[in-house]
Colleague: 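Sending over a structure as structure tokens; questions will come in a sec.
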Amino acid sequence: MNSSLSPTVFQRLALYARLVRIDKPIGILLLVWPTLWALWAASQGRPSLYYVFAFVAGTALMRSAGCAINDYFDRDVDRYVERTRDRVLTSGLITANEALGVSIALALVSLVLILPMNKLVWALSVVAVFLAATYPKFKRFFAIPQAYLGIAFGFGIPMAYAAVLETIPLEGWIMLAANIFWAVAYDTEYAMVDRPDDLKLGLRTSAITFGRWDVAAVGFCYVATLALLGVVGAMLDYGWAYAAGLACAAGVAARHLWWIRNRDRAACFRAFLHNTWFGFSVFAGIFVQTSVLG
């Protein structure tokens, strides 16, 4: 083979960037917001700069590692799904071993970030890696794999509490439960986009499990999310600023339900992408309540 045709290092890195969805930051945002909810709540609005850096960077790295491992396990399925058939691994631009190597490297770098933290955080990080690595397999047999995704995507919550308080109080677990319901809501919207392809392939998703009740189920999950976050606010004695944040999040959720009412694939994907504003609204309420009003 002519060596001049071999990809350069920069071209290879560009392919790896596509593998981990650098051009699609929504996945990072959906992990970052709940982690920041917990970090600000646990520190009463005054987290250390290192914790902010470590958790934001670690979240981004673990999401990227999750994308790579997801594509590794789904490489023989993605070719049959319209939205995923052109991914770099599916299309043969990189090898399966490269995708696995990228995932492991990113996970190891993220683990370095928590070395200055306490042993409880270290123990939880092992669980977090396990959740990220096993989620792709849950889509094969679990009726609502989005619930498992909610645990994986929200595991920054107990880790943030553990880092700041060296324990995980009850409100931390309730916040994680809220995130599970939120993940089921937004990832069902996402799954509604791929439902025709997933049905052909025999995959399990919440959109398929809920069937004709999919929109109602999304609405229920949003309500459950807000109710549980309301419980967290009551336990922490939060006031009007936090309530305003939840009210804004409720408005965002209502907008999503309007968009997906006809199950149009483009509208469902739009609602999924817009969920960053739900997470931001909750964080804004916590931030103002703790860092501004104190």
Side-chain angles (χ1 to χ4, degrees), residues 24-60 62-63 150 153-161 163-165 168-187 189-190 218-219 221-259 270-294:
K24 298 175 181 177
I26 181 62
I28 294 174
L29 292 171
L30 293 175
L31 272 78
V32 163
W33 291 128
T35 303
L36 294 182
W37 302 346
L39 192 57
W40 252 256
S43 64
Q44 299 181 22
R46 293 168 179 80
S48 73
L49 289 178
Y50 180 74
Y51 280 176
V52 175
F53 164 75
F55 277 103
V56 171
T59 296
M62 282 305 299
R63 184 264 181 174
F153 267 33
F155 216 70
I157 293 172
M159 290 182 68
Y161 269 101
V164 176
L165 303 177
I168 308 167
L170 179 58
E171 63 264 23
W173 295 116
I174 295 175
M175 190 180 288
L176 176 60
N179 188 77
I180 294 172
F181 278 105
W182 182 36
V184 174
Y186 65 65
D187 211 55
E189 295 166 350
Y190 189 65
V218 170
C221 288
Y222 276 130
V223 170
T225 302
L226 292 165
L228 289 169
L229 289 174
V231 171
V232 170
M235 294 177 69
L236 296 174
D237 199 28
Y238 286 167
W240 67 266
Y242 183 69
L246 294 188
C248 289
V252 171
R255 192 174 194 181
H256 295 171
L257 292 173
W258 177 257
W259 284 345
R270 180 186 182 192
F272 164 73
L273 293 175
H274 198 258
N275 267 277
T276 187
W277 295 107
F278 184 100
F280 169 77
S281 297
V282 177
F283 173 68
I286 297 175
F287 179 85
V288 174
Q289 189 70 59
T290 58
S291 295
V292 178
L293 300 179

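Side chains included, hydrogens not; waters and symmetry mates left out as well; all remaining heavy atoms used. As the structure is a computational prediction, the values presented were derived from the model and not from experiment.
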Colleague: Ignoring hydrogens and geometry, is there a side-chain-to-backbone donor-acceptor pair from N275 to A271 under 3.5 Å?
Modeller: yes
Colleague: Measuring only between side-chain heavy atoms, which start at C-beta, is P34 closer than 4.5 Å to F153?
Modeller: no
Colleague: How close do P158 and G154 get, counting heavy atoms only, and between which atoms?
Modeller: CD-O, 3.5 Å
Colleague: Does any non-hydrogen side-chain atom of I157 lie less than 4.5 Å from one of I168?
Modeller: no
Colleague: Does the ring center of W40 lie less than 6.0 Å from the ring center of W33?
Modeller: no
Colleague: Heavy-atom count check: over 12 atoms from other residues, nucleotides or ligands less than 6.0 Å from F181 CZ?
Modeller: no
Colleague: Decide side-chain contact (heavy atoms from CB on, under 4.5 Å) for I286 and L36; before the verdict, give the C-alpha distance in whole Å, the side-chain angles of both, and the deciding distance to 0.1 Å.
Modeller: CA-CA 9 Å; I286 297 175; L36 294 182; over 6 Å; no
Colleague: Considering only heavy atoms from C-beta outward, does the side chain of T276 approach that of I26 to under 4.5 Å?
Modeller: yes
Colleague: Compare all side-chain heavy atoms of W182 with those of C221 and state whether any distance is below 4.5 angstrom.
Modeller: no
Colleague: Which heavy atom in Y161 sits nearest to a heavy atom in A41, and how many Å separate them?
Modeller: OH-CB, 3.5 Å
Colleague: First locate atom CH2 of W173, then atom CG of L170, and finally report the distance between them rounded to the nearest 0.5 Å.
Modeller: 10.5 Å
Colleague: How close do G279 and W37 get, heavy atom to heavy atom, and via which atoms?
Modeller: O-NE1, 3.1 Å
Colleague: Nearest 0.5 Å please: distance from the CG atom of L31 over to the OG1 atom of T35.
Modeller: 6.0 Å
Colleague: To the nearest 0.5 Å, what is the distance between OG1 (T290) and CG (L293)?
Modeller: 8.5 Å
Colleague: Which heavy atom of L165 sits nearest to which heavy atom of A42, and what is that distance?
Modeller: CD2-O, 3.7 Å
Colleague: Just verifying a value: how many Å separate Y190 OH and L273 CG, rounded to the nearest 0.5 Å?
Modeller: 9.0 Å
Colleague: Would you give the length of the straight line joining atom CE of M159 to atom OG1 of T59, rounded to the nearest 0.5 angstrom?
Modeller: 8.5 Å
Colleague: Hey, does F278 have a side-chain heavy atom less than 4.5 Å from the side chain of L226?
Modeller: yes
Colleague: Tell me which donor-acceptor pairs under 3.5 Å the side chains of residues 235-258 have, and how far apart each pair is, sequence neighbours excluded?
Modeller:
unit_1: Y242; atom_1: OH; unit_2: L229; atom_2: O; d: 2.7
unit_1: H256; atom_1: ND1; unit_2: Y222; atom_2: OH; d: 2.8
unit_1: H256; atom_1: NE2; unit_2: H274; atom_2: ND1; d: 2.9

Colleague: Once you round to the nearest 0.5 Å, how far does CG of L29 lie from CZ of F283?
Modeller: 12.5 Å
Colleague: With a 4.5 Å limit on heavy-atom distance, are the side chains of L30 and F272 in contact?
Modeller: yes
Colleague: Using the ring of each side chain (for Trp, its six-membered ring), is F53 parallel, tilted or perpendicular to Y50, with breaks at 30° and 60°?
Modeller: tilted
